[in-house]
Participant: 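Mind having a look at this structure? Questions to follow.
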Amino acid sequence: FGSSNLPGPLAPVSPHFAQLPAAMAQMQWSKPVIADLRRERRGATFDIWDLTTAIYGGEEELARVERQTRLVMSEPRFQTDDLWWMSRKDRYIRACERGELFVKIVREHNIPFEERYPLELLLGEDLFVLLHDIMFAPTLLNLADDEQQSWWLQKALNYEILGTYAQTELTHGSNVRGIKTTATFDPNLFEDGGWMIHTPSLEAVKWWPGGLAKSCNCCILMARVIIKGQDFGPHPFFFQVRDWETHESLPGIELRDIGQKLGYNGMDNGAMRISHVKIPRRNMLMRFVVVDKDGTYKKVGDDKMLFGTMTYTRLKISSMSGFNLAKACTTATRYSAVRRQFQMQRVVLGSDIEKADVDDSTVSAQEQLNNLVKPSKRAEAQVLDYSSQQFIIFPQLALAYAMHFAGQAVHKKYDVSIQEFRGGKFDALTEMHVATSTLKAVSTVLMADGMEQCRKCMGGHGFLNSAGVGPQYLSALPQATYEGDFVVLSIQVGQQLLNAVSARMLKQKKSNPKTPLLQYIYEFDPMAERKPPKMEDLDGLLQDPRFLISSLKLRANFLHYSAAQAFQEEVVRQGKPGPATLDAVKIELMRMTYAHAYVLYAGFFWERIQQLETEFPKVVPALRQLFELFCLTVMDQSYDRGGGLGEFIAAGALPPGAYGAIMKREKQLLKEIRPNAIPLTDGWNIPDFLLNSCLGRYDGRVYESLYEQTKYEPLNDSDISEGYYKHLQYLLHPERKKPEGGSTSKL
């Protein structure tokens with residue numbers, strides 16, 4: 001993303017901070033790089049710019065990213081360090097300013113809608129424009145018919161109208177089919193019929209749509225279609241909520257902000273109550289469902305596309321996960337390379353103590369401790385040199401790459417599939433649903449867990465807002481919940497995995513051309529005898545990518561087929577399949593989803609490495625080390641969720657004694673990755689203003705940055721705070737406190 005310190009043909013311009021008014025004084029990011037980081041970068045075994053090109057999908061895509069980065073970095077008002085101390089109200093106003101600047105850039109430089117994704121990431125935090133781009137406009141593009149698109153689509157793409165997606169209600173989020181907002185057809189409304197939109201109860205109030213509270217003047221509204229008393233379920237409507245000119249909420253529509261959140265506070269998440277609002281018949285999006293003037297309801301194509309926006313949104317969210325985790329890894333890695341703590345200690349073991357003739361009966365406890373751990377004569381060590389720190393950070397960096405490459409690969413598949421959907425061919429619908437749901441469910445959870453790991457490993461300074469990772473973590477955290485949380489999506493994914501197992505076992509199918517990403521399930525024979533590899537062969541196998549991927553598949557199939565067996569046993573016990581039988585295996589479905597995700601991550605990661613063999617061969621060894629570490633982490637302790645060594649042993653993928661061999665290889669990989677740790681994070685090319693971190697800045701000037709940022713903290717505006725005059729002085733000097741009412745007591 002064009003750090004001004006990195007090499008490359010499109011080095012971004014530096015912001016002209018001197019032009020800022022005093023009230024907008026900002027952090028200074030570009031300064032000479034400290035010696036430790038210069039040395040780290042000189043040690044790279046590859047060209048960092050080659051890695052950057054590989055990460056962003058080639059020179060053409062990287063050039064587009066760099067152009068947009070230059071545009072953003074030339075506008076100081078995009079800088080986000082003011083978020084460290086800003087109030088909620090001011091933060092929303094700044095979000096509006098960033099939204100205005102974003103649209104200004106799009107208009108002035110004619111950036112096509114499909115090329116705005118880098119610019120969206122560069123905003124630095126989520127705001128209403130993202131909901132407009134990721135949910136509102138794509139819904140019009142995919143679900144509105146040609147005539148409807150002529151009314152609204154171009155206005156949406158040009159931001160002449162601002163929209164969001166209003167589906168979730170107070171009592172229904174994941175269960176879309178349970179929403180209560182109604183759209184009742186009335187043939188007597190308008191010239192050719194219309195809809196009466198109504199919120200029938202408090203429980204039906206729309207709740208959470210981003211941008212709905214104050215920013216957007218229209219939305220895609222999901223409401224239950226009622227025609228002549230018959231309920232056809234939820235359908236999407238184009239629904240205006242504010243006056244186009246004055247921005248006042250329309251009659252019958254009550255809009256509120258739902259209040260402050262843990263994070264994500266640049267977004268004005270809204271609540272909406274609708275009281276008998278009339279809209280034209282053709283405001284229902286009608287590419288796949290048509291309601292005639294007389295109220296006749298008919299489907300066109302596959303009505304599953306009514307929820308196609310969710311597929312796209314889940315894809316975009318999961319595509320961000322690797323990048324978000326990479327930001328945290330970049331900050332943690334750079335800070336760990338700059339931070340020095342303790343001399344690298346040499347431990348005196350029991351045999352050494354005996355040689356020193358230590359008499360436990362006469363030596364104090366403190367002396368025994370001094371004997372046990374003796375400092376070396378070396379200078380304090382970089383924290384990144386400690387294997388314990390590497391064991392926290394490097395697996396997360398490997399995961400960031402795995403999630404990023406998986407997101408890119410699935411996005412390419414989606415681009416092909418959506419063209420087929422628009423042409424009426426829906427063969428890939430199940431494949432896209434399973435792939436995007438899997439990645440969204442798992443990537444967002446692992447991203448959040450990984451960002452928090454990175455924050456914690458930076459010690460006390462990592463708890464500061466100015467460390468960057470904490471606020472970014474809290475802003476990214478809701479991604480694990482909105483548009484389908486892990487549990488709900490894992491049930492959907494797990495059911496499709498069970499369907500594949502059923503097709504393989506009951507129908508003897510050897511493949512399903514509509515779901516190629518599930519092919520490994522069809523290739524598995526649960527009846528075949530499987531023997532784990534021999535211990536003497538394990539050291540070599542753990543360095544073989546084919547063995548690592550096959551082990552992940554074997555573990556996944558073990559879980560899939562075991563769950564299918566458990567499900568069948570429950571059906572027999574209860575007498576028939578149903579919600580209760582499915583609930584009996586929901587824990588298994590969750591484990592299956594994690595296992596399937598790890599198969600996808602490893603497969604796409606390795607596929608990308610193979611592509612780079614010819615493009616950038618010097619980058620491959622370092623990426624291969626990360627690939628191996630990712631797979632071994634899944635086999636060992638896993639990524640906080642989903643699996644671990646026990647499942648691989650139970651599946652017959654590894655022998656019972658594999659722990660030692662895995663740990664040995666992991667330690668080797670940590671040592672091999674260490675010299676390239678900074679270059680592997682620099683490769684993401686994330687500019688300082690987007691990292692927004694005193695600890696992760698490119699130049700490594702951590703401590704002066706921490707001190708500098710205190711100048712902008714409002715509490716430091718004066719030496720003596722208002723709190724002293726109002727309260728503290730009376731705590732310290734109670735005699736100064738006048739009695740209430742100003743009169744002096746006579747007692």
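When reading the values below, keep in mind they use all heavy atoms of this one structure, side chains included, and skip hydrogens, waters and symmetry mates. Here the structure is a predicted model, which means the values were calculated and not measured.
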Participant: Is there a salt bridge (Lys or Arg N to Asp or Glu O under 4.0 Å) between Lys104 and Glu75 once you walk through the steps?
Facilitator: CA-CA 11 Å; Lys104 181 174 180 284; Glu75 173 49 79; 5.8 Å; no
Participant: Count the heavy atoms of every other residue, nucleotide or ligand shown that sit under 6.0 Å from OH of Tyr703, and state whether that count exceeds 12.
Facilitator: yes
Participant: Would you indicate whether the side-chain heavy atoms of Asp257 and Tyr92 approach each other to under 4.5 Å?
Facilitator: no
Participant: Do other residues, nucleotides or ligands put more than 12 heavy atoms under 6.0 Å from Ile587 CD1?
Facilitator: no
Participant: Counting neighbours of CG on Leu262 that are heavy atoms of other residues, nucleotides or ligands and sit closer than 6.0 Å, is the number greater than 12?
Facilitator: no
Participant: Among Gln390, Arg340, Arg674, find the one that has a side chain to side chain donor-acceptor pair (under 3.5 Å) with Asp385.
Facilitator: Arg674
Participant: For this output row, return yes or no: ring centroids of Tyr712 and Trp85 closer than 6.0 angstrom.
Facilitator: yes
Participant: Does the separation of the ring centres of Phe128 and Phe102 fall below 6.0 angstrom?
Facilitator: no
Participant: With a 6.0 Å cut-off (strictly less than), is the heavy-atom count around NZ of Lys316, excluding the residue itself, greater than 12?
Facilitator: yes
Participant: Do other residues, nucleotides or ligands put more than 12 heavy atoms under 6.0 Å from Glu722 CD?
Facilitator: no
Participant: May I ask you to decide whether Glu380 forms a salt bridge with Arg339, counting only side-chain N to carboxylate O separations under 4.0 Å?
Facilitator: no
Participant: Does Arg256 CZ have over 12 foreign heavy atoms under 6.0 Å away?
Facilitator: no
